[in-house]
Number of protein chains: 2
Amino acid sequence: MPRAGLDPATVVAAGADLADEIGFSALTMGRLAERVGVRTPSLYKHVASQDDLNRRIAILAMDEAADAIGAAIQGRAGRDALRAAARALRDFVLAHPGRYAATLGLGLTGPDDPLALAATRSLTPFTAVLRGYDISPADTTHALRALRSIFHGFATIEAGGGFQWSTGTDESFEWLIDLIDLGLRAKPAEQQAPATTAAPGVVTGRPG
Amino acid sequence: MPRAGLDPATVVAAGADLADEIGFSALTMGRLAERVGVRTPSLYKHVASQDDLNRRIAILAMDEAADAIGAAIQGRAGRDALRAAARALRDFVLAHPGRYAATLGLGLTGPDDPLALAATRSLTPFTAVLRGYDISPADTTHALRALRSIFHGFATIEAGGGFQWSTGTDESFEWLIDLIDLGLRAKPAEQQAPATTAAPGVVTGRPG
DNA sequence: CACTGCGGCTAAGCCTAATAGCTTTTAGTT
DNA sequence: AACTAAAAGCTATTAGGCTTAGCCGCAGTG
C-alpha cells in the first residue's frame, strides 16, 4: 500500500476546495477521505477532529481573503480603496463559498484562539481603508465593526441566495458602497454636533 | 399511556425555544423529542423531517421578528424609525439566537417557497422606515437590501461572539445606525450628480 | 541489518436521522 | 353504548456520520 503523502496542510486545502465545490455543510470526513484517496480514519493522523478541520479551513480562508483584499487596495485611497476592498471581499466569497461558510458559526474559545488571531489579521486591510477617511481614533473600532458588519452581511445573504431572483445585485452592491462612502464622509461633521442620545465613547476592547 | 397532545405548531414552538436555549446546531430530533416528552420517531407525525422542522422554525422566527420591528416603529419616522427598527431586530436576535440561526443557511427552493414568502414579509417594516428618507422609487430595492445586509451582518457577528471581548458593542451599534442615517440622508443629493461608474438603474426583481 | 515512528488500514462503538409496522387512544357516528 | 377510522404514540431497524483502538508496513537512520 503506497502512501498518499498527506500532511495537515494538504488535507486542509483539499477540505477547503471540496467545501467550495459541494458546500460547507456537505463536507464530511468520509467525502474528504474519498477525495484525497484514503480511508476515513486515516484523516485523524493529520487533523484532530472535524471541528479542528473546520477551524483550520476557516483560518486558511481568512488569511487568503485578507491577502486578496490587501492586494486590491494597493495604491488606492478613500472611496477607491473602499470599493476595491469591498469588491475583493465579495469576489472572494462568491468564488469560495465553502471557505467563507467555514468562517461562520464557530465559537471562539478565548482571546488567544488561533481563529481569533486570524480574524484580527483579516481586518488589517480595512484599517488601511479607514485611513482614507477622517475618522477620529476613538471611533476606528466602531468604523471597523461597521465595515465588517456591512460587507459580511451582504456577502452572506448573496452567497446564501437570499436576494430573490438574484437580479441587480451588482447595482445593489455599488449602491451600498456609495451609501457607506457618503456616511463615512459625513461622519466627522456629525461628531462635532452629536445628535444621538448615546454619545460614542472610547472603546478599550479589541476591534474585531 | 396518555397522549402528549402535540401538533405541528407545538412541536415547532418547542423546537424554537430549545434552539434558543442550547443553540440551533445542537437541536436534534432526539433532544426535541425528550423535551416534549415523546420518543424520537413520534415527532415525524408532526413534521416531515429535520429540514422541515428547521424551515418552520425559520418562518416562525421571521414572522415574530417582523412583528416586533413593526411594533417598534409605530408612530416614528426618519432616524427615530431607523433606530427603533434596528434595535428591535438586534434585541430579537440577542433574545432568540437559536431562532435567528435557523433563518441562516437555508437554500431557497424557488420564488414561492414558504420561506421566501416569509422573508419578503419580514422586510415590510423596513420599507416603512425608508419612507422617512428621500429615496427614489428606483432605489428602494437597493436601499432595502442595504438595510438588510447591514443589520443582518451586525446581528450575526454579535450573536456569534465575533466581536472580541464584546466590549462597546452598544456604542458600535449606535455608531452604525448613525452612519447609515447620514448616508441615507446624503444619498438623494448624490443621485443628481452620480459619481459612481456603475450608475444605479431600475431593478425589476423582488427586493429580498 | 535492526529499529523506530509515521501513516496507512480494519474493526468496532456511539450518535443521529429516518422508515416500517404495530398498538392504542381519541373523536365522531349511529 | 358500541363501532369504526384516523391520529398519535410505540419498538425495532437501517443507513450513515464521527471517532477511537489497535494492527501492519514502509521509510529513514544508526
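Labels below follow one simple rule: chain letters A, B, ... track the order of the sequence lines, proteins then strands, and each chain is numbered from 1.
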Test the A/R90-A/F173 pair against the cation-pi criterion, namely NZ or CZ under 6.0 angstrom from the six-membered ring centroid and within 45° of the ring axis.
yes

Charged N-O contact under 4.0 Å between A/R83 and A/E174
yes

Which atom of A/A119 lies closest to which atom of A/S122, heavy atoms considered
O-OG, 2.7 Å

Can the positive tip of A/R99 be found less than 6.0 Å from the middle of the six-membered ring of A/F24, inside 45° of the ring normal?
no

Salt-bridge present (A/D139, A/K187; N to O < 4.0 Å):
no

Side chain A/D52, main chain A/V47, donor-acceptor under 3.5 Å:
no

Separation of A/L32 atom CG from D/dC18 atom C1', in whole Å?
13 Å

Using a distance-only test with no angle check, is there a side-chain donor-acceptor pair under 3.5 angstrom linking A/T10 and A/D7?
yes

Using nucleotides 13-15 of chain C, report all nitrogen or oxygen pairs with the protein that are shorter than 3.5 Å.
none

Under the side-chain hydrogen bond (donor to acceptor under 3.5 Å, both in side chains) test, which residues partner B/R185, sequence neighbours left out?
B/D181

Which residues pass the ring-ring contact (aromatic ring centres under 6.0 Å, His included) test with B/F92, sequence neighbours left out?
B/H96

Are A/R35 and A/E21 ion-paired here, with the side-chain N under 4.0 Å from a carboxylate O?
yes

Is it true that the NZ or CZ of B/R145 lies under 6.0 Å from the centre of A/F163's six-membered ring and within 45 degrees of the ring axis?
yes

Residues in residues 4-18 of chain B with a heavy atom under 4.0 Å of DNA chain C, by number, are none

When rounded to the nearest 0.5 angstrom, what is the spacing between CE in B/M29 and CG in B/L43?
5.0 Å

For DNA chain C, what residues of residues 34-60 of chain A have any heavy atom nearer than 4.0 Å?
A/V38, A/R39, A/P41, A/S42, A/K45, A/H46

Whenever both distances are under 3.5 Å in a Watson-Crick or G-U wobble pair, mark it; put DNA chain D into dot-bracket that way, with [ ] for crossing pairs and | when the partner is on another strand.
||||||||||||||||||||||||||||||

